[in-house]
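Contents: one structure, followed by commentary.
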Amino acid sequence: MSKKHLVVKKLDINNLSDVMKLQEKIIQGLHPDEQHFILHRTEEDYMKSLNGKSSNMLGVFDGDTLIAQTVYCMPQNDENRDMPEFKPEIENKDLVLYEAILVDPAYRGSSLMKKMLEYIENHAIDNGRTHSIIQIAVDNPASWINALHHGMAITKVDTDPNDGVQVIYLEKRITHKADKEVQATPVANSYSMYLGDNIHTKIPTLFNKMQYLIQKGYHGTSLNKETKSLIWEKQGNITNILDFNLFWNNKKVSSL
């Protein structure tokens, strides 16, 4: 495991065996409660992306070894797309969808997800796409935190209409390459949601709080590492965040 000569490249049918091996390795390394993080794709499923026009696959290699892979889709207007429940008002031709991002556990912490998203984003911009979206299980915080670091924002929190899993939807406008990422600084129209050292123990409560904030017009925009908090910013008209604090504290008291 060198981590010195990592190469990102588009995958094709010749990589099918490596793709299946990496998926199996990652699934076997997961706790049974975590295996729903990954959509278990068949060879036929992957072949559609390896040979596809709208659906594509990207991989990261360490030498000759595939260590990370992702499926991404740039659908046309006459095609059905995944996640039709999210951003239906945006035309297919303007979208890029990130799907099935898998990283070898031995290479976690190497910013591979970030490298792949940047590569795909540049490819999407070159093809006239203006908006990227992704869906991630709420109890897979490592992935949605990585998406936040990539500049995506949490704008919907719901259950997947297909399997009922609690999920987070993130999006990003990708038209302007030169736009600088805004550093999150708590202001009057922002809310800092403390995540703590063990996010997994807080998932049920976080899901409910996220849903409420979304309903009130807030978007989850970034992670403050120093305070271990997720920053939410009010969209549109500014309202007093004290309203949320009052609501949530009353809710906790009434549930005692």
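Of the candidates K115, K172, R173, K172 is the only one forming a salt bridge (charged side-chain N to carboxylate O under 4.0 Å, His left out) with E121.
Checked by atom type, the side-chain pair D62/T65 shows no donor-acceptor distance below 3.5 Å. Judged by distance alone, the side chains of N189 and E233 never bring a donor and an acceptor atom under 3.5 Å apart. At a cut-off of 3.5 Å, with distance as the only test, no side-chain donor of Q211 or Q215 sits close to an acceptor on the other residue. If you check the side chains of K10 and N56, you find a donor sitting under 3.5 Å from an acceptor. Inspection of the N77 and E91 side chains reveals an N or O donor paired with an N or O acceptor under 3.5 Å. Side-chain contact, Q23 with Y46: a donor N or O sits under 3.5 Å from an acceptor N or O. H150 and N146 are not linked by any side-chain donor-acceptor pair at a separation below 3.5 angstrom, with hydrogens and angles left out of the test.
Closest non-hydrogen pair, L66 versus G59, comes out as CD1-CA, 3.8 Å. Between I125 and I174, the shortest heavy-atom contact is CD1-O, 2.9 Å. Here the closest heavy-atom approach between residue S49 and residue M57 is recorded as CB-CG, 3.6 Å. Closest approach of A68 and L22 over heavy atoms only: N-CD2, 3.6 Å. Annotation for V165 and A137: closest pair CG1-CB, 4.3 Å, computed over non-hydrogen atoms. The two residues P84 and P88 come nearest to each other via the heavy atoms O-CB, 3.6 Å.
Judged by distance alone, the side chain of R81 and the main-chain N or O of N92 form no donor-acceptor pair under 3.5 Å. In terms of modelled atom types and a separation under 3.5 Å, the side chain of S111 and the main chain of K114 share no donor-acceptor contact. Without hydrogens or angle criteria, K234 side chain to K216 main chain gives a donor-acceptor distance under 3.5 Å. A side-chain donor-acceptor contact under 3.5 Å links N224 to the backbone of T227. Side chain of D18 to main chain of N15: no donor-acceptor pair is present (N/O by atom type, distance under 3.5 Å, no hydrogens or angles). A donor-acceptor contact shorter than 3.5 Å is absent between the side chain of D158 and the backbone of V167. Looking only at distances, no side-chain donor or acceptor of N140 sits under 3.5 Å from a matching main-chain atom of I136. A donor-acceptor contact shorter than 3.5 Å links the side chain of W144 to the backbone of V138. Not a single donor-acceptor pair under 3.5 Å links the side chain of S192 to the backbone N or O of I231.
Taking the side chain as every heavy atom from C-beta outward, Y169 and I134 never approach each other to under 4.5 Å. Contact of the L206 side chain with the L195 side chain is registered, since non-hydrogen atoms from C-beta on lie closer than 4.5 Å. Taking 4.5 Å as the limit, every side-chain heavy atom of T221 sits out of range of all side-chain heavy atoms of L230. Inter-residue side-chain proximity for H131 and I133 is flagged as met; some heavy-atom pair is nearer than 4.5 Å. At a threshold of 4.5 Å between non-hydrogen side-chain atoms, the residues E24 and Q28 count as touching. In this structure the side chain of P141 reaches within 4.5 angstrom of the side chain of H200, judged on heavy atoms. In this structure the side chain of W232 reaches within 4.5 angstrom of the side chain of I154, judged on heavy atoms. No side-chain heavy atom of Q235 sits under 4.5 Å from any side-chain heavy atom of Y218.
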| Should V103 and I67 be marked as a side chain to side chain contact (heavy atoms under 4.5 Å, CB included) after you check the CA-CA gap, both sets of side-chain angles, and the distance that decides it? | CA-CA 6 Å; V103 176; I67 60 171; over 6 Å; no
| message | Run S132 and E171 through side chain to side chain contact (heavy atoms under 4.5 Å, CB included) and show every step you take. | response | CA-CA 5 Å; S132 61; E171 61 179 293; over 6 Å; no
| task | Report the C-alpha separation of I199 and I145 in whole Å, then their side-chain angles, then the decisive distance to 0.1 Å, and conclude whether the side chain to side chain contact (heavy atoms under 4.5 Å, CB included) test is met. | result | CA-CA 11 Å; I199 301 176; I145 286 173; 3.7 Å; yes
| task | For the pair D45 and T42, evaluate side-chain hydrogen bond (donor to acceptor under 3.5 Å, both in side chains) and give the outcome as yes or no after the intermediate values. | result | CA-CA 5 Å; D45 292 332; T42 64; 3.2 Å; yes
| Y98/M152 under side chain to side chain contact (heavy atoms under 4.5 Å, CB included): CA gap, chis, key distance, verdict | CA-CA 12 Å; Y98 304 137; M152 305 191 81; 4.0 Å; yes
| query | Is there a side-chain hydrogen bond (donor to acceptor under 3.5 Å, both in side chains) between Q166 and D139 once you walk through the steps? | reply | CA-CA 8 Å; Q166 293 181 330; D139 51 358; over 6 Å; no
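Salt-bridge annotation for K87 and E89: present, with a side-chain N of the basic residue lying under 4.0 Å from a carboxylate O of the acidic one. Between R129 and D94, no side-chain nitrogen of the basic residue sits less than 4.0 Å from a carboxylate oxygen of the acidic one, so the salt-bridge criterion is not met. Using a 4.0 Å cut-off between charged side-chain N and carboxylate O, E99 and R41 make a salt bridge. Salt-bridge annotation for K48 and E44: absent, with no side-chain N of the basic residue lying under 4.0 Å from a carboxylate O of the acidic one.
The CG atom of L50 sits 8.0 Å away from the CE atom of M47 when rounded to the nearest 0.5 Å. Distance CD/E79 to NZ/K53: 9.5 Å, rounded to 0.5 Å. Here OG of S55 is found 9.0 Å from OH of Y72. Values are rounded to the nearest 0.5 Å. For the atom pair K228 NZ and N198 CG, the distance stands at 11.0 Å (nearest 0.5 Å). For the atom pair T159 OG1 and E85 CD, the distance stands at 9.5 Å (nearest 0.5 Å). Atom CG of L97 sits about 10.5 Å away from atom OG of S54, to the nearest 0.5 Å.
A cation-pi arrangement, defined by a distance under 6.0 Å to the six-membered ring centre and an angle within 45 degrees of its axis, is absent between K156 and F86.
The neighbour count for N80 CG, taken as heavy atoms of other residues, nucleotides or ligands under 6.0 Å away, does not exceed 12.
In this structure, L223 is not a member of the same hydrophobic cluster as Y194, with clusters built from ILVMFWY side-chain heavy atoms closer than 4.5 Å.
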